[in-house]
Amino acid sequence: MSHYPVDINYFLVPAISGRMELDLSDLDVEGEVPAQLDGAFFRMQPDPYFPRTTDEDVYFNGDGVVGRFDFSNGKVGFRQRYALTDKLKLERKAGRALFGRYRNPLTDDPSVKGAIRGTANTTPLVHGKKLYALKEDSPPLVMDANSLATQGYTDFNGRMKGQTFSAHSKIDPETGNLVSFGYCQTGPLTLDCTYMEVSPAGELLKEVWFTAPYYCMMHDFGVTKDYVVFPVVPMVSSWERLKALKPHFGFDKTLPIYLGVLPRNGKGEDIRWFKAPNQNACHVINAFNVGTKIHFDIPVSKGNGLWFFPDVDGSPFSAPDAMAFPTRWTVDYASKSDEFESVKKLSDMGGEFPRIDDRYISRDHRYAWWLVIDLAKPFTEGVGRGMNALGYMDYRTGRQTSWWAGQQYHMQEPCFVPRSPGAPEGDGYIVVVVDNVVTNLSQLVILDAQAIDKGPIARVKLPFRLRAGLHGNWFDRSALPQG
Ligand code: V55
Ligand code: FE
């Protein structure tokens with residue numbers, strides 16, 4: 001078993017909170033939940049509803065389960081429901097799994113041919129009072145943001161012609177639009193991509209088509225005032241791989257990476273692809289532009305970060321090469337060169353799942369928080385090392401700090417919560433799920449966003465352990481439907 005940097009158990013935890021749908025009120029709290037916090041923190045975990053039909057159980061293939069922590073008057077409730085995808089509805093009717101391997105339609109039961117394979121398992125996002133449960137291989141699934149009842153997939157009244165909508169769609173705080181993109185838009189493995197914007201009223205305002213330089217996992221992107229920015233890293237696939245029942249993705253060390261820059265008011269042909277040597281990156285910190293210059297912040301690693309999508313050349317997983325460090329890539333849309341203008345490492349605290357104060361998406365942000373893998377800290381034998389600390393940086397002063405969750409804890413993606421909707425940038429709290437891997441109990445920990453090193457203000461306790469989650473977002477009560 002590998003204990004470095006992240007143990008495989010962290011993602012599999014098969015027996016933890018399996019198939020649980022529940023409502024809890026007035027959770028047990030150690031410390032004090034800030035009474036002015038009024039809203040909900042939504043988070044998502046993949047959790048296969050039926051046992052797999054194949055030997056493969058890639059964590060990314062689990063059915064989406066939304067958790068909703070409701071904050072009101074210093075009390076916290078928790079509700080958890082499955083995203084009732086078309087896939088899950090078909091499987092529940094049959095009483096067994098019908099869909100096979102992750103992103104491999106060749107492994108499905110013939111009865112479900114043509115059905116949307118999405119699991120809606122990556123990101124919960126509220127926009128226009130609707131909760132979208134997002135997965136990058138399928139359209140957005142609409143849910144009720146309070147009851148978590150599923151309404152179904154939307155194509156925005158027929159206006160969305162592509163087949164996918166990124167799990168890393170973002171709300172532009174300037175326009176209020178939901179800005180999104182998708183890849184493999186005309187079917188699995190195709191090079192067709194789109195950039196989309198949805199108004200707060202739910203109208204698809206644009207769908208701009210462009211072509212990727214090669215097929216790969218286009219997981220996240222950047223939004224600036226004037227541009228959308230697409231990192232292309234060599235987590236690749238092919239029909240040969242799918243026919244051979246290999247994992248959908250594998251990392252190719254021979255390919256360059258690209259950063260695509262498309263003016264938000266432009267046409268697909270206006271995209272420019274900037275090129276850099278082979279390396280890897282996944283979740284975007286933020287992006288902003290100053291004139292034609294685009295600053296794009298992202299944790300970058302030398303090699304593959306996902307051991308369950310192994311290198312295509314068969315080389316073993318390299319934990320040191322998987323460690324990602326926050327980095328700033330700068331390119332100039334007006335440049336004559338297709339090279340990056342500069343590359344700057346921002347921190348020596350390696351990790352992933354970066355967040356900012358989301359009210360600063362597309363603007364020059366001052367603060368970032370992310371999950372750190374602190375190799376100097378002890379971990380629990382037999383369970384393995386997880387992401388064990390929270391990192392903080394202030395770009396203006398250069399101050400960087402961290403909070404170690406402790407030897408018995410693994411951490412999930414943090415989320416910044418403003419002290420109040422109008423509070424200055426970074427003035428507020430971090431909420432972060434931590435899992436005790438010894439007692440198998442999870443907590444939602446609340447920290448002062450500017451003093452994370454002082455430790456939690458409050459620990460909200462769940463009477464069970466959550467599965468490893470992907471992404472989470474906070475929404476003030478004013479963004480939620482009434483009732
Ligand atoms: C990611 C997660 C996914 C997926 C593709 O974190 C990429 C990256 C949870 O599903 O399908
Ligand atoms: Fe993600």
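Note that ligands are numbered from 1 as they come in the structure, with each ligand's atoms numbered from 1 the same way.
For the ligand labelled ligand 1, residue Y102 lies inside the 4.0 Å heavy-atom shell.
Listed for the Q443 side chain is no donor-acceptor partner under 3.5 Å among the backbone atoms of N436.
Checked by distance only, ligand 1 and H219 come closer than 3.5 Å through their nitrogen or oxygen atoms. Annotation: K135 places an N or O atom under 3.5 Å from an N or O atom of ligand 1; distance criterion only.
Checking V284, V261, I271 one by one against F230, the side chain to side chain contact (heavy atoms under 4.5 Å, CB included) holds for a single residue, I271.
Taking the six-membered ring for Trp and thresholds of 30 and 60 degrees, F249 and F309 have ring planes more than 60 degrees apart, a perpendicular arrangement. By the 30° and 60° cut-offs, the orientation of the rings of F221 relative to F181 is tilted.
Atoms of ligand 1 found under 4.0 Å from any heavy atom of T122, numbered from 1 in the order shown, are 9 (C), 10 (O). Set against the non-hydrogen atoms of L470, the atoms of ligand 1 under 4.0 Å away are 9 (C).
Coordination check, H471 versus the Fe ion (ligand 2): passed, since an N/O/S atom of the residue sits under 2.8 Å.
For W369 and F416, the ring centers are positioned less than 6.0 Å apart.
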